[in-house]
Amino acid sequence: MSSPQPSILNKLIGNAPLRTVLIVPFVLQIIGAVGIVGYLSFRNGQKAVNDLASQLRTEVSSRIDQHLDSQLDTARHLAQVNADAFDVGLLDPKDLDNMTRFFWKQMQLFNIGYISFGAPGGEFAGAGYHLDKNIQMGIVDPKKNGTRDFYNYNADSRGNKTTLIDTYKNYQFKKELWYSNTVKAGKPTWVLYQWEITPFPLAVSANRPIYGRKNQLIGVIGIDQRLSQISDFLRQLKVSKSGRTFIVERSGLMVASSSTEKPFKLIDGKPKRLKASESSDGQIQSAARYLLKHFGGDFNNIKDAQQLDFLLNKERQFVQVLPWKDEWGLDWLVVVVVPESDFMGQINANTRTTILFCIGALIVATVVGFYTSRLIAGPIALLSKASQDFASGKFDRTVEVSGKNELGVLSESFNDMAQQLRDSFTALENTNAELEKRVEERTVELKIAKEMADGANRAKSEFLANMSHELRTPLNGILGYAQILQRSEPLTHKGRGGVDIIYQCGSHLLTLINDVLDLSKIEAGKLELHPAAFHLPSFIQGVAEICAIRAEEKAISFDLQVDPQLPAGVCGDEKRLRQVLLNLLSNAVKFTEKGGVIFQVDVLQDAEFSDGSSQLENSTENSYKIWFRVEDTGPGMTPAQVQKIFLPFEQVGDVKKQSEGTGLGLAIAQKIVRLMQSEIAIGSRPGEGSIFSFEVELPEAQNWADSSRIVEQGAVLGYQGDKRKILVVDDRWENRAVLVNLLQPIGFEMIEAADGKEGLDIALAAAPDLILTDLAMPVMDGFELLRDIRAHPQLREAIVLVSSASVFEIDRQKSLDAGGNDFLPKPVQADLLLGLLKKYLQLEWVYGETADAGEKAQQGTIGKMQLPAIEILQLLNEQAQAGDLDAVIEIAEQIQTANPEHATFAKKILVLAEGFQVKELRALIEEHLS
Ligand code: ADP
């Protein structure tokens with residue numbers, strides 16, 4: 001199961017220092033909390049402001065509405081009252097002074113601008129505010145004054161004219177709208193007009209026509225309400241810091257506003273009304289324009305109260321527009337404009353404070369977080385540093401314990417752990433040191449033991465070499481003389497048998513010595529292969545022949561099956577290959593009593609080399625896999641026995657047969673085959689027989705003929721040509737005797753010397769054709785002798801053969817290096833000796849008995865056993881049937897001596913008769929009779 005992938009957050013946190021991990025979330029939390037609170041309070045404030053602004057606008061609008069109602073109602077009512085006074089005759093249109101005094105008194109009571117009366121005859125009476133803050137009285141009396149000039153008087157506290165303030169020439173009040181419009185309308189009506197005289201105040205006047213009994217116009221009463229008074233009211237209304245209120249007519253002309261601007265302009269001394277949308281006050285102007293735009297360019301489209309808002313210089317402006325109407329036909333719009341910033345100022349200030357608090361809190365939180373994290377992370381960092389040091393091998397680290405909290409406990413635990421680890425390491429180091437010491441001691445012991453073992457091995461090798469030397473020397477005598485006796489004059493049957501047994505026993509002993517030496521060499525890894533070119537068919541023939549003879553002696557068949565494809569010359573260690581094959585074949589023959597042995601040699605395949613050359617091209621780089629197979633019909637072996645037979649000195653099966661062997665053959669054979677990179681395989685069944693086989697790869701060799709050995713051609717009787725002189729140098733008389741007795745009978749002149757010194761002297765004196773010298777000798781040894789011979793001008797060219805019982809390869813090589821022509825191992829093998837003599841003295845042997853073995857080898861067949869005459873066979877049969885074995889032996893011996901060509905048959909008969917194997921004897925004779 002795969003572990004879950006760490007999230008990005010985990011990765012970030014995992015890599016960030018602990019301090020950051022502790023501070024950042026802390027700060028983030030504070031920013032989050034303060035931010036959300038700030039945002040919510042800002043939003044709530046904004047909402048409250050909206051509500052407040054809405055309420056305020058409504059409130060302000062309704063107050064203006066009330067004010068207008070009350071102010072203009074007064075004017076209306078007063079117009080009505082005064083008209084009524086005329087109607088009922090309380091006021092006389094002719095008594096202008098009285099009328100002005102009455103108006104003056106009314107002015108004291110009511111908050112209005114001016115009360116006027118105009119008559120069609122041009123008479124005018126009025127009282128009210130004109131130029132200053134005092135109530136003045138004005139009269140135009142054409143009848144009395146003869147002019148239409150306007151006389152403006154001050155009044156005393158009782159309303160009587162006092163002083164004339166100024167006069168206005170030809171006051172044409174009838175042109176003024178209050179009069180003309182009312183006369184035109186013929187009913188009470190409102191008129192908004194501008195005075196014809198300075199300061200041209202703008203006024204709204206409630207007017208009423210007065211008719212006489214005959215419905216003739218007596219005059220018009222007008223009650224002025226100056227618009228500046230409404231503006232004053234609007235100004236004194238506290239909307240907000242920079243809020244505005246204004247009143248417009250549906251035509252868009254300004255009536256009054258809370259700004260200081262007048263609702264008209266003087267152009268060339270003439271007043272001109274101002275449109276709200278042209279006001280110099282930005283707020284009024286933009287509000288009027290916004291409303292116009294919003295209501296399709298016409299204020300008449302505003303039917304009822306509306307609350308709206310718009311942006312002015314990116315600031316929100318709340319607007320309330322309220323239509324105001326009056327019974328006499330006034331139709332105005334009251335507009336209240338409140339900028340949001342008036343309310344938001346506090347809220348923005350609050351927001352700024354919140355942000356400042358937030359920053360403050362952040363700084364505090366960061367500082368606190370920094371110190372908190374230092375408090376936490378500091379000890380942890382120390383711990384981590386200590387752990388890292390610990391991991392890198394600085395075991396002396398401890399952590400300072402601060403306080404009793406979790407970190408303190410952790411530090412304490414770390415110190416405890418570190419101490420324990422230190423103790424463990426110390427213990428480990430001690431153990432290591434102890435172990436090292438022990439190993440050293442053991443090494444020393446082992447060294448001593450190895451030296452002892454080497455010494456023992458050397459001693460063993462020396463012992464083996466010496467023993468073998470010591471054993472070979474007497475054996476040389478035994479075998480030498482056995483061979484001499486075998487080759488010399490005819491002996492009695494018993495005598496020859498005795499010599500044969502001596503030779504066989506000696507050979508057996510020699511084999512045993514050689515085997516033991518081979519094995520010890522193999523085990524010491526000193527056995528090496530010496531490959532050389534040789535003729536494979538004749539080699540196989542030679543091996544087969546030896547075993548065929550033994551098989552024949554045992555009266556079992558021996559079948560050689562050679563692959564016709566067999567190469568002629570191959571390169572290999574002929575001596576070792578022969579040793580292996582002879583071991584397998586002689587075992588097969590030895591253990592087989594019935595049936596026979598098949599020796600099969602096959603070419604398995606040609607191993608091609610990388611250059612692609614093949615066997616057909618007969619290239620020297622070709623090599624052959626040769627398969628050797630030895631099959632017998634002997635006793636066979638159980639699997640358990642098979643497992644044991646390759647072990648040294650292991651013998652299985654028939655005890656009688658065991659005594660004939662050493663139990664070393666197969667062990668050595670297997671080791672040699674392994675040196676050849678192969679393995680001996682066994683197939684065996686008890687009671688049926690065994691098959692031993694192995695394959696070796698042998699490179700082809702063309703120059704085999706040079707080194708091929710001469711096949712023995714029979715017993716040597718002498719040689720052609722002059723008599724040759726041979727000097728034998730050996731300190732042991734028996735060794736000298738063997739050589740002398742071997743060579744003298746075949747025509748050599750033999751001279752003897754007991755040591756090197758003597759040998760040198762004799763060689764100089766007698767000038768032998770060939771010198772045979774031993775190596776180990778007193779006075780002067782073989783090596784010294786060789787060096788002296790090669791150094792001596794007279795002897796430099798002499799042929800010297802070294803013959804030694806030394807088993808050391810090195811001795812053999814040393815002797816050749818010292819100048820020896822060749823080496824002859826002891827015990828001396830006659831065939832080998834004769835071969836060397838033939839080679840170095842260029843001799844032609846004279847043979848006593850010729851059998852063309854070389855030819856046989858080439859043919860690949862073994863000569864057939866020749867039989868005596870049928871009469872002799874019958875005689876043998878009779879004696880055998882009668883059980884007279886002595887008679888049988890006698891006849892066989894006679895056959896042997898009389899007819900050497902029948903010797904093989906005679907020998908078989910002798911073996912069976914002497915072994916009391918009557919059944920087999922009878923069977924053999926019968927077989928050849930039929
Ligand atoms: P030995 O000198 O006794 O022949 P080897 O090592 O050659 O020693 O053989 C070991 C043993 O293996 C023999 O003693 C014999 O018991 C058994 N052995 C070898 N070859 C054969 C065979 N062909 N048939 C039966 N037994 C065999």
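Read the numbers this way: they start at 1 and go in the same order the structure lists the ligands and their atoms.
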Within the 4.0 Å heavy-atom cut-off, what Asn583 brings close to ligand 1 is side chain
More than 12 heavy atoms from other groups under 6.0 Å of CD on Gln643: no
To check you understand the geometry: which heavy-atom pair defines the closest contact between Val888 and Ala880, and what is its length? CG2-N, 3.8 Å
Taken to the nearest 0.5 Å, the spacing of Met676 CE from Leu698 CG works out to 7.5 Å
Heavy atoms of other groups near Glu890 CD, more than 12 under 6.0 Å: no
Any idea which atoms of ligand 1 are less than 4.0 Å away from a heavy-atom of Ser690? 24 (N)
Which heavy-atom pair separates Ile682 from Met637 by the least distance, and what is that distance? CG2-CE, 4.5 Å
Option whose closest heavy atom lies nearest to atom 20 (N) of ligand 1, chosen from Val642, Val597, Asn587: Asn587
May I ask you to check if ligand 1 and Leu666 share an N or O to N or O distance below 3.5 Å? yes
Proximity of Asp632 to ligand 1 by residue part, where a heavy atom lies under 4.0 Å: side chain
With Leu582 as reference, evaluate Val543, Leu577, Asn587 under the side-chain contact (heavy atoms from CB on, under 4.5 Å) test and give the passing residue. Val543
Hey, looking at atom 12 (O) of ligand 1, which of Val589, Ile645, Leu664 has the closest heavy atom? Ile645
Would you kindly specify which portion of Phe692 sits under 4.0 Å from ligand 1, judged on non-hydrogen atoms: side chain, backbone, both or neither? side chain
Donor-acceptor contact present, side-chain Ser684 to main-chain Gly636, <3.5 Å: no
Ignoring hydrogens, just give me the one of Gln641, Met637, Glu631 whose non-hydrogen atom is nearest atom 26 (N) of ligand 1. Met637
With respect to atom 8 (O) of ligand 1, which of Pro686, Gly663, Ala588 exhibits the smallest heavy-atom separation? Gly663
